[in-house]
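Just below is one structure, and these are the notes that go with it.
Atom set for the values below is all heavy atoms of this structure, side chains included, hydrogens, waters and symmetry mates excluded. One-based numbering, in listed order, for ligands and for the atoms of each.
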Amino acid sequence: MPRGVVPRQPARTGRQDKVRAGSHAGANRGKSASRARPPKSGGVPGRAKPARAAKAKYNPIAPERVAEILRRLNDLYPDVTCALTHATPWELLVATILSAQSTDVNVNRVTPELFRKYPTVEAFAALAPEQLEPDVRSTGFFRNKSKSVVGAAKKIVAEFGGQVPDDVEKLLTLPGVARKTANVVLGTWFKKAEGVVVDTHVHRISRRLELTKENDPQKIEQDLMKIIPRERWILLSHQIIWHGRKLCIARKPKCAECALENICHAGDKTWSTVEMHKGAKA
Ligand code: SF4
């Protein structure tokens with residue numbers, strides 16, 4: 001290499017200079033900007049314009065792309081599972097209710113003492129919600145969470161013989177339990193793939209990876225269930241959640257360290273070697 005010539009590296013700003021419209025996963029890499037641009041006056045009659053043709057081919061939910069995302073996530077996070085500390089399905093249910101708008105680390109600080117103090121679902125069912133409030137205060141939204149946990153305990157004791165049901169419809173009848181919580185309990189404890197857990201990480205990363213354009217968790221779940229093989233629903237949720245904690249964080253994703261970088265076109269990347277798509281962001 002002649003002296004003074006330094007190989008060009010992608011800019012760390014994420015706003016790549018000379019990243020060209022219509023290039024997907026480096027499709028136009030190596031072409032000059034003028035060659036990649038479509039002809040100004042419509043080009044040669046009967047021939048497709050190169051840039052437009054490339055754009056029309058890009059499908060973010062093409063089976064090959066989805067499979068590649070799953071493969072890379074498998075390599076990154078082969079054995080991950082739920083990070084909430086629990087020893088029974090009831091403890092997992094309580095921890096998941098408490099994790100709303102909080103972090104697993106925060107919840108794990110509270111639950112060991114909580115489960116020591118109230119060791120069974122019957123012990124929780126005997127409480128008034130106000131009695132539980134001081135114990136769960138640090139997880140946030142403690143009044144609502146106390147109501148949900150005590151209400152769920154009462155219902156499980158009264159209607160399900162003290163056992164957490166392993167059925168999505170029954171779980172959804174419990175106070176404070178929506179699809180996310182039901183999917184966590186069913187997938188993690190009962191190993192039943194009834195849906196995909198859509199928490200804040202799955203919400204953000206599915207949008208960045210263009211696996212969905214939706215904002216509503218239920219619609220995101222429906223989109224994911226259509227394109228992800230059922231046998232991957234449980235593991236995939238855990239993998240994306242871990243990816244969201246380690247690299248694809250909300251404010252400043254660590255794109256330069258991410259193994260998905262060259263197939264990710266998120267509009268809020270912090271570093272990119274491929275075209276970024278404005279609409280694909282958290
Ligand atoms: S490249 Fe960046 S935005 Fe895309 S998945 Fe990785 S960390 Fe997230």
Flag, side chain of Lys145 to backbone of Leu98, donor-acceptor distance under 3.5 Å: yes

Ring centre gap for His243 and Tyr77 strictly below 6.0 Å: yes

Test of ring centre spacing under 6.0 Å for Phe124 and Trp90: yes

Closest non-hydrogen atom pair between Leu224 and Trp233, with its separation: O-NE1, 4.5 Å

Sub-2.8 Å protein N, O or S atoms surrounding atom 4 (Fe) of ligand 1: Cys264 SG

Ring centers of His86, Phe115 separated by less than 6.0 Å: no

Per-atom contacts of ligand 1 with His243, taking only distances under 4.0 Å to non-hydrogen atoms: 5 (S), 6 (Fe)

Path from Leu211 to Leu76 over hydrophobic side-chain contacts below 4.5 Å: yes

